[in-house]
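Step one of this worksheet: look at the structure below.
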There are 2 protein chains.
Amino acid sequence: MTQPKSDPRVLRTRRLIMDSFIELSAKKEFKDITVKDITTEAMINRATFYYHFEDIYDLLEKALSEVLLVNLNGDFYKNDKLDEEAFVSIFLAVTNFQKSLSNRCHRGYEDTIARIIREQLEIIFYKMLVKQNAGEEDEALKLNAVILSWGIYGASVEWKRKGIDVQPEEFIKPALPYLLSGIEYV
Amino acid sequence: MTQPKSDPRVLRTRRLIMDSFIELSAKKEFKDITVKDITTEAMINRATFYYHFEDIYDLLEKALSEVLLVNLNGDFYKNDKLDEEAFVSIFLAVTNFQKSLSNRCHRGYEDTIARIIREQLEIIFYKMLVKQNAGEEDEALKLNAVILSWGIYGASVEWKRKGIDVQPEEFIKPALPYLLSGIEYV
DNA sequence: TTCGATTTGTCGTTTATCCAACACATTGAT
DNA sequence: ATCAATGTGTTGGATAAACGACAAATCGAA
């Protein structure tokens, strides 16, 4: 994992690349986007791309993570504790994210996207659990975060399967007790 | 005179600086704008500013040149020849430029602005004269360009003195024969 | 005036970006 | 199947940008 650099040049270049990629994603499918397209749009050298990203899949991963994180942070980070309201708004963020993706047509990468979403959820849950239960054993919190992330992600998949006519709130609220049964530190 | 560099880093940085300066000019007066302000807004290092510009006056000069050139190129470069229509549209560009400047409040730099406008006009006229009279003696064309630039610039000053209720077209059209008397290569 | 704070230019070093070139896929048309 | 064109990923050397530090200049208030 690359540690976050603070050099302005790095931040600027990564932003240019990310924005260009998201821009292009709105026009083409992922499979038709080349590294050359991105670097041309971003007006940076192609070699510079490889300085920051393994390849185009690495970029996809990081771009998706970022977009999802923006979605998540906007909403629920205000009250800082994992109550019912927090779970509902996290679930809403995830389902909104899935909807916006299906517009952008990243077909053929559902499993990649799934993994990214779940990993990000795990990170978020772990952070919130640490805040809420300061001083607890790390491993136990980590395990809880894993379970919660799989649970919420599974719920979003199930919601998707049911079709868009079901409101996410109405779907998740009755399911929450089941998801939380067996969770220690919430 | 610095020769135009083609390195993308150079172009990008200069654009960032220029845009930030123009941005700031809309909010503050020129005298209240510091190099630090500009580089902070542009998110570039202060030392990098001095790599591209002598000082803030150098930037003012180059920024004004560019803005004026954009004004000029947009309009009249289509028909490529110095007929009456071309003179009218050049004059319009200059007077529009002066109006937009008086909004942006660059007080105390009227003479600098004047010089820049005239120099740019000279460059434009020379280019067009070269196109029109391919193969003529350089010095004669240069002289004509100088005379034309002073003439048009003088006319714009005179127009400004008269107040904005006079339409630029109506002002310049009757004056053109006087401006052009004694010009050889038009 | 004097003092402190801010701005201005400059410099040497480190780091990110550019560039040209390369071998190796992948693609698409004939 | 072949060939040309295009994309991929990597390298080494050149150059621009970042950074911290510095002395000098400018400004404003005590």
Side-chain angles (χ1 to χ4, degrees), chain A residues 1-25 27-64 66 105-109 112, chain B residues 1-25 27-64 66 105-109 112:
Chain A
M1 192 60 188
T2 55
Q3 84 269 21
K5 300 249 183 174
S6 62
D7 189 317
R9 290 173 289 185
V10 172
L11 301 177
R12 190 183 313 148
T13 299
R14 289 193 182 157
R15 183 106 318 281
L16 285 170
I17 293 176
M18 290 266 192
D19 289 347
S20 303
F21 176 61
I22 292 172
E23 186 81 15
L24 285 172
S25 297
K27 300 180 204 160
K28 300 181 182 183
E29 290 201 25
F30 175 73
K31 69 173 173 51
D32 295 327
I33 298 176
T34 71
V35 173
K36 201 172 200 330
D37 289 338
I38 296 166
T39 57
T40 302
E41 169 100 9
M43 291 190 296
I44 57 121
N45 194 277
R46 202 165 53 85
T48 307
F49 175 92
Y50 292 101
Y51 183 87
H52 294 283
F53 303 95
E54 281 278 317
D55 50 28
I56 205 171
Y57 302 98
D58 184 32
L59 171 61
L60 170 66
E61 184 150 337
K62 286 171 177 158
L64 287 180
E66 202 197 59
C105 291
H106 279 146
R107 277 188 301 235
Y109 291 92
T112 302
Chain B
M1 189 63 185
T2 54
Q3 82 271 18
K5 300 249 183 173
S6 62
D7 190 318
R9 293 173 287 186
V10 172
L11 300 178
R12 189 184 317 152
T13 300
R14 288 192 182 157
R15 181 108 320 280
L16 285 170
I17 293 175
M18 289 266 192
D19 289 348
S20 303
F21 176 61
I22 292 172
E23 186 80 16
L24 285 173
S25 298
K27 301 181 202 160
K28 300 182 185 185
E29 292 203 22
F30 176 73
K31 71 173 172 50
D32 296 326
I33 298 175
T34 71
V35 174
K36 201 174 198 333
D37 290 337
I38 296 166
T39 57
T40 301
E41 170 101 8
M43 291 189 297
I44 57 122
N45 194 277
R46 202 165 54 83
T48 307
F49 175 91
Y50 292 101
Y51 183 88
H52 294 283
F53 302 96
E54 282 277 317
D55 50 29
I56 205 171
Y57 302 98
D58 184 31
L59 171 61
L60 170 66
E61 182 151 336
K62 285 171 177 157
L64 286 179
E66 201 196 61
C105 290
H106 278 147
R107 277 188 300 236
Y109 292 91
T112 302

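Both backbone and side-chain heavy atoms feed into the values below; hydrogens, waters and symmetry mates do not. Convention: sequence-line order gives letters A, B, ...; per-chain numbering from 1.
Between A:I56 atom CD1 and D:dG9 atom C1' the separation is 13 Å, expressed in whole Å. Per the geometry, NZ belonging to B:K31 stands 17 Å off P belonging to D:dT26, to the nearest Å. Look at CG on A:D55: it is 14 Å from P on C:dT26, rounded to the nearest Å. For the pair B:F49 CZ and C:dT10 C1', the computed distance is 14 Å after rounding to whole Å. For B:I33 and C:dT7, the CD1 to C1' distance is 15 Å, given to the nearest whole Å. Rounded to whole angstrom, the span from the CG atom of B:D32 across to the C1' atom of C:dT7 amounts to 14 Å. Atoms CG (A:D37) and P (D:dT6) sit 13 Å apart, rounded to a whole Å. The distance between atom CZ of B:F53 and atom P of C:dT8, rounded to the nearest whole Å, is 15 Å.
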Spell out protein contact along nucleotides 12-22 of chain C as letters: B when the base is contacted, S when just the sugar-phosphate is, - when no protein heavy atom is under 4.0 Å; keep the 5' to 3' order. ---BBBSB---
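Between B:I56 and B:I38, the closest side-chain pair of non-hydrogen atoms falls below 4.5 Å. B:Y57 has its side chain within reach of B:F30: a pair of non-hydrogen atoms, C-beta onward, lies under 4.5 Å apart.
With hydrogens and angles disregarded, a donor-acceptor distance shorter than 3.5 Å links the side chain of A:T39 to the backbone of A:K36. Between the B:R12 side chain and the A:M43 main chain, a donor and an acceptor come within less than 3.5 Å of each other.
The phosphate of D:dG9 (OP1 or OP2) has a side-chain N or O of A:Y50 nearer than 4.0 angstrom.
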Check step by step if salt bridge (Lys or Arg N to Asp or Glu O under 4.0 Å) holds for A:K28 and A:E23. CA-CA 9 Å; A:K28 300 181 182 183; A:E23 186 81 15; over 6 Å; no
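Remark: B:R14 does not engage B:E66 in a salt bridge, criterion side-chain N to carboxylate O under 4.0 Å.
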